[in-house]
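Not measured: the values here are computed from a predicted model.
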Amino acid sequence: MQTIFIMVKCELGKAYDVADGAMQEIEQVSEVYSISGQYDLMMKCYLADNTDVGHFVMGVQKLPGVKDTFTLITFKAFS
């Protein structure tokens, strides 16, 4: 299992709609946070090891209201 974070820039006024859509439509999305700065949302996703990350992210990019994404791929979780 691998964890990725996807930062999402939304169309104006669409952040809540995008967040709701991601949580309902994409089972790998475990959490969605509203954030400040250049992006509007940050999604925490758990992907199976054999998942094509690029293909998965393109699915997120197709959600209505998404303008841009920036993906962070994690290596190790520290507790």
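No chain of hydrophobic side-chain contacts below 4.5 Å, direct or via other Ile, Leu, Val, Met, Phe, Trp or Tyr residues, connects Met58 to Phe56. The cluster map of Ile, Leu, Val, Met, Phe, Trp and Tyr, joined by side-chain heavy atoms under 4.5 Å apart, puts Leu47 and Val60 in the same cluster.
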Any chance you could lay out the side chain to side chain contact (heavy atoms under 4.5 Å, CB included) test for Tyr33 and Leu41, step after step, and finish with the verdict? CA-CA 5 Å; Tyr33 297 92; Leu41 301 171; over 6 Å; no
Before giving the answer on side chain to side chain contact (heavy atoms under 4.5 Å, CB included), spell out for Asp68 and Met7 the whole-Å C-alpha distance, their side-chain angles and the decisive distance to 0.1 Å. CA-CA 8 Å; Asp68 191 18; Met7 294 168 40; over 6 Å; no
Walk me through it: do Leu63 and Glu25 pass the test side chain to side chain contact (heavy atoms under 4.5 Å, CB included)? CA-CA 9 Å; Leu63 288 172; Glu25 296 178 31; 3.6 Å; yes
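Val57 has its side chain within reach of Thr69: a pair of non-hydrogen atoms, C-beta onward, lies under 4.5 Å apart. Using a 4.5 Å heavy-atom cutoff, the side chains of Phe70 and Val8 are not in contact. Here the side chains of Ile4 and Tyr46 are not in contact, with every heavy-atom distance at 4.5 Å or above. For the pair Met43 and Val18, the minimum side-chain heavy-atom distance is below 4.5 Å.
Listed by chain and number, the residues in a side-chain contact (heavy atoms from CB on, under 4.5 Å) with Ala77 amount to none (sequence neighbours excluded).
Of all heavy-atom pairs spanning Val29 and Cys45, the tightest one is CG2-SG, 3.9 Å. Ala19 and Val32 get closest at one heavy-atom pair: CB-CG1, 3.7 Å.
Remark: side-chain polar atoms of Asp49 are paired, donor with acceptor, to backbone N or O of Met1 under 3.5 angstrom. Panel note: side chain Thr74, backbone Thr3; a donor-acceptor pair is recorded below 3.5 Å. Asp40 places a side-chain N or O within 3.5 Å of a backbone atom of Cys10 that can act as its donor or acceptor partner.
Both the sub-6.0 Å distance and the 45° axial angle are not jointly satisfied by Lys44 relative to the ring of Phe5.
Under a cut-off of 6.0 angstrom, the local environment of NZ in Lys14 is sparse, with at most 12 non-hydrogen atoms contributed by other residues, nucleotides or ligands. By the 6.0 Å contact criterion, CG on Leu12 is open, its count of non-hydrogen atoms from other residues, nucleotides or ligands being 12 or less.
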